[in-house]
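Structure record follows, encoded as structure tokens.
Letters go in sequence order (proteins before strands), and every chain restarts at 1. Every value quoted in this text rests on a predicted model; they were computed, and no experiment measured them.
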Amino acid sequence: MEILTAIKRVPETGAKVSLTDDKRDIDTTSLGFTFSPHEECAVEESVQLVEEHGGNVTVLTLGPEDATEQLRSSIAMGADDGILLDGGDEEWGPVGTASAIAEAVEGSDTGYDLLLFGNESADAANHQVGVRVAEQLGLPCVTGIKDLEVADGTATAKREIPGGSEVYEIDLPAVITVKEGLNEPRYPSMRAKMQARKASVDQQSPEPRAEGLELVELEVPETDDSPAEILGESSEAAEDVVDVLEELEVV
Amino acid sequence: MVLTIVEHDDGELDDVSLQALALARDVAEQTGESLDAVAFGPGADAVAEAAGAHGVETLHTVEDDALADYAPEAYGRAVVQCAEELGTEAVIAPGTDRGAETLSHAAAKLDEPMAAEVTDVEVGEAYELTRQRWGGTLIEHSKLTADTNLLTVAANEVSPSETGGDAAAVEPFAPDVDDGDLRVQLTDIEQSDVEGVPLGEARVVVSGGRGTDGDFSELEALVERVPNAALGSSRAAVNEGWRPHDDQIGQTGAKIAPEIYIPAGISGAVQHMVGCKGAENILAINTDPEAAIIQKADYAVIADLHEVAPAIAEELEARGHAE
């Protein structure tokens, strides 16, 4: 089976986020980069599916040229090929991103059986790229999946709800967006990382589209860092803890 | 007119839908439009009273048998048809899996932009939005320019507000969907074999992180002493294999909104805190007074959770709080 898995390069933010002077981006001068836990699970799932059913995993990203680093990380996890949709340094919105990915799929000689996405990107959280790609390609789609099985051209996909799961059956080819918890992503071996450095990455240059949603500026929210009331420094604080619970009427 | 997609469980509106209605009513008041809602499935008309009490004038109900079970693309199609027939200014959905999914389908079909995780709207020439990035660690101010403004409302950020209005007028709406729209449809609901209160619904959440050293027994015992309490964990504890991912609280796990949250042995990384920002109160138990979680907490006990948790359970028992 042929699987295309989409990822997005994002900064590894620490305990505190700081912004660039124009307030339009995170200041990444001292930050490393990664891709989100949802997408790590998407890559892991695609590698596992191909291990089970045979086939190929192509990992795709739209972003700056430096995003090849994240493609190579995915290749080290077991993906076969990488595609970079070179979007330059400007951030792309969900309309242009989805359109570029759908066009890359349409223009490819590979007939993909499954397109996997993260449920939402770690940074912009637009919650829509997978669905837009599916709509543009005329494929069925389900989002937010935490359990996936494929057999006989049909995917059984489960989405968590309070106290259980919703079950969807979806004929391939299809688009599925996933959440962390789907699997436990592997740590690639040093050897796999070395080999991934040499893997070839296909580059394409898509055209951006008008977005409709235009960034004005970012803001780091004020957090209430007023000191906590210290109830105690030993198990004797249990009395005060129970006082608090009684006051809140939760016991 | 401003149209809000509302979700319900056999006629009872869910909390995130009430939050979406509050933001939608604000938009409706700013634009001078009326507020309508659309509800799907059996029992949709039973929503009329609660919807009316939250400002909805007309409730459009889709009770077509073919759409009784949730079907993302068909629901998106129905929203498009309802919006086009009514000539809507904006369609607003709750920030749930279904809300985002349905509205994304509608956005793609309408070829319109969609803004997710919105917390505030100022209507000027364009919609000036405040929305969340990075699970709320970062706020985005942006402008939405569209013929139909499509928004999802960030969960647990906007307070529901009642107007005390009369029940909404109910108008059945019959969408025209075809088999293609029904390719994906809910086929089954599996009950979790995990007993107890779901994390998202608990009034008290106790959770453990790396500081548990993998031993959650005292925290489990504490949770059993408290009614409507659930046990959660940090991502670190899940990565160690100590807890299942379903217990994880954070940006890529469960979002909780309890009366009180009791993180024990959790350092309080930003990604964890965005999962519990809906908590009314935080009482941290940690041996490290410098841990970030102490800054974010309302109350703190600086001590070993393996000693404090059993002591709390004993004190509860001594005061007759048996569960």
Side chain, backbone, both or neither of B:E307 within contact of chain A (heavy atoms, under 4.5 Å): both
task: Indicate whether any N or O donor in one side chain lies under 3.5 Å from an N or O acceptor in the other, for B:H321 and A:E246.
output: yes
- prompt: If you count heavy-atom pairs under 4.5 Å between each of A:D171, A:I161, A:I26 and chain B, which one has the most?
  reply: A:I26
- request: Show your reasoning for whether side chain to side chain contact (heavy atoms under 4.5 Å, CB included) applies to B:L283 and A:L231.
  value: CA-CA 9 Å; B:L283 190 161; A:L231 299 176; 4.0 Å; yes
- prompt: Does any heavy atom of chain A fall under 4.5 Å from the side chain of B:P198, the backbone, both, or neither of them?
  reply: side chain
- request: Go through the atoms of A:S234 and report whether side chain, backbone, both or neither lie under 4.5 Å from a heavy atom of chain B.
  value: backbone
statement: With chain B, the option among A:V142, A:T156, A:L182 that has the most non-hydrogen atom pairs under 4.5 Å is A:V142
message: Among A:E184, A:K146, A:E249, A:E236, which residue has the highest count of heavy-atom pairs closer than 4.5 Å to chain B?
response: A:K146
Side chain, backbone, both or neither of B:L144 within contact of chain A (heavy atoms, under 4.5 Å): both
Part of B:A297 within contact of chain A (heavy atom distance under 4.5 Å): both
message: Distance alone, cut at 3.5 Å: any donor-acceptor contact between the side chains of B:T187 and A:E169?
response: no
Contact origin within A:E211 toward chain B - heavy atom pairs under 4.5 Å: backbone
message: Counting heavy-atom pairs under 4.5 Å with chain B, which one of A:A125, A:P221, A:G144 comes out on top?
response: A:P221
field: A:V167 side chain reached by B:L186 side chain, heavy atoms, under 4.5 Å
entry: no
message: Could you measure the distance from the CG atom of A:L213 to the CE atom of B:M114? Nearest 0.5 Å is fine.
response: 10.0 Å
Engaged part of A:R24 at the chain B interface, taking heavy atoms whose separation is under 4.5 Å: neither
statement: When the 4.5 angstrom heavy-atom criterion is applied to B:V204 and chain A, the contacting part is side chain
statement: Counting heavy-atom pairs under 4.5 angstrom with chain A, the leader among B:D304, B:D298, B:V308 is B:D298
task: Heavy-atom distances under 4.5 Å only: say whether B:E314 touches chain A with side chain, backbone, both or neither.
output: neither
salt_bridge(B:R133, A:E91) N-O dist < 4.0 Å: yes
- prompt: With only heavy atoms counted, which part of B:N281 is less than 4.5 Å from chain A, the side chain, the backbone, both or neither?
  reply: side chain
query: Of the listed residues (B:Q191, B:Q295, B:R98, B:R319), which shares the most heavy-atom pairs with chain A below a 4.5 Å separation?
result: B:R319
field: Contacting region of B:E117 [heavy-atom separation from chain A under 4.5 Å]
entry: side chain
task: Indicate yes or no: does B:D188 engage A:K158 in a salt bridge with an N to O separation below 4.0 Å.
output: no
task: Sort out for me which of B:A300, B:A284, B:A303 touches chain A most, counting heavy-atom pairs under 4.5 Å.
output: B:A300
- request: Select one option (side chain, backbone, both, neither) describing which atoms of B:Q132 are under 4.5 Å from chain A's heavy atoms.
  value: backbone
Heavy-atom side-chain contact between B:T252 and A:H38 under 4.5 Å: yes
- request: Report yes if the side chains of A:L218 and B:I139 come closer than 4.5 Å at any heavy-atom pair, otherwise no.
  value: no
query: After noting the C-alpha distance and the side-chain angles of B:N228 and A:V250, does the key distance pass the side chain to side chain contact (heavy atoms under 4.5 Å, CB included) rule?
result: CA-CA 8 Å; B:N228 280 316; A:V250 294; over 6 Å; no
- line: So CG of A:L245 and CD of B:E315: to nearest 0.5 Å the spacing works out to 10.5 Å
query: Would you say B:Q251's side chain and A:A122's backbone share a donor-acceptor pair under 3.5 angstrom?
result: yes
query: Does the side chain of A:T13 come within less than 4.5 Å of B:Q271's, by heavy atoms?
result: yes
Which atoms of B:A254 approach chain A - backbone, side chain, both or neither, heavy atom under 4.5 Å: neither
field: Pairwise distance CD1(B:I285) to OG(A:S235) - rounded to 0.5 angstrom
entry: 11.0 Å
query: Between B:I262 and A:V244, is any pair of side-chain heavy atoms under 4.5 Å apart?
result: no
- prompt: Highest number of heavy-atom pairs under 4.5 Å with chain B: which of A:A238, A:G164, A:A228?
  reply: A:A228
- prompt: Are the side chain of B:S104 and the backbone N or O of A:H127 linked by a donor-acceptor pair below 3.5 Å?
  reply: yes
Residue part contacting chain A, namely of B:D111, when any heavy atom lies under 4.5 Å: side chain
query: Hey, does A:P11 have a side-chain heavy atom less than 4.5 Å from the side chain of B:W134?
result: yes
- request: Decide if atom CD of B:E240 counts as having more than 12 heavy atoms of other residues, nucleotides or ligands within a radius under 6.0 Å.
  value: yes
message: So, applying side-chain contact (heavy atoms from CB on, under 4.5 Å) with A:P140, which one of B:R183, B:Q185, B:E73 is it?
response: B:R183
task: Heavy-atom distances under 4.5 Å only: say whether B:L129 touches chain A with side chain, backbone, both or neither.
output: side chain
query: Non-hydrogen atoms of chain B under 4.5 Å away: do they reach the side chain of A:I145, the backbone, both or neither?
result: neither
field: Heavy-atom pair with the smallest gap, counting every atom of B:D97 and A:N119
entry: OD1-ND2, 4.5 Å
query: Is there a donor-acceptor pair closer than 3.5 Å between any side-chain N or O of A:E214 and the backbone N or O of B:K143?
result: no
- prompt: Is the shortest heavy-atom distance from the side chain of A:D147 to the side chain of B:E190 under 4.5 Å?
  reply: no
field: Any donor-acceptor N/O pair, A:E219 side chain to B:L138 backbone, under 3.5 Å
entry: no
- request: Return the option, out of B:A107, B:G200, B:G95, with the maximum number of heavy-atom pairs under 4.5 Å with chain A.
  value: B:A107
message: Tell me whether B:D179 at atom CG has more than 12 heavy atoms from other residues, nucleotides or ligands lying less than 6.0 Å away.
response: no
- prompt: Are B:E140 and A:K23 within salt-bridge range, i.e. N to O under 4.0 Å?
  reply: no
message: I'd like to check A:P37 versus B:R235 (side-chain heavy atoms, cut-off strictly below 4.5 Å). Are they in contact?
response: yes
message: For A:E106, is the CD atom crowded, meaning more than 12 foreign heavy atoms sit under 6.0 Å from it?
response: yes
task: Please check if atom CD in A:E149 has more than 12 non-hydrogen atoms from other residues, nucleotides or ligands closer than 6.0 Å.
output: no
task: Below 4.5 Å from any heavy atom of chain A, which atoms of B:A269 appear? Answer side chain, backbone, both or neither.
output: neither
- prompt: What part of B:I282 is in contact with chain A, defined as an atom under 4.5 angstrom from a non-hydrogen atom: side chain, backbone, both or neither?
  reply: neither
- line: The interface call for A:S121 against chain B, heavy-atom contacts under 4.5 Å, is neither
message: Between B:G268, B:A311, B:A309, who has the most heavy-atom pairs with chain A when the cutoff is under 4.5 Å?
response: B:A311
- line: Most contact-rich option vs chain B, by heavy-atom pairs under 4.5 angstrom, among A:E180, A:R132, A:E229, is A:E180
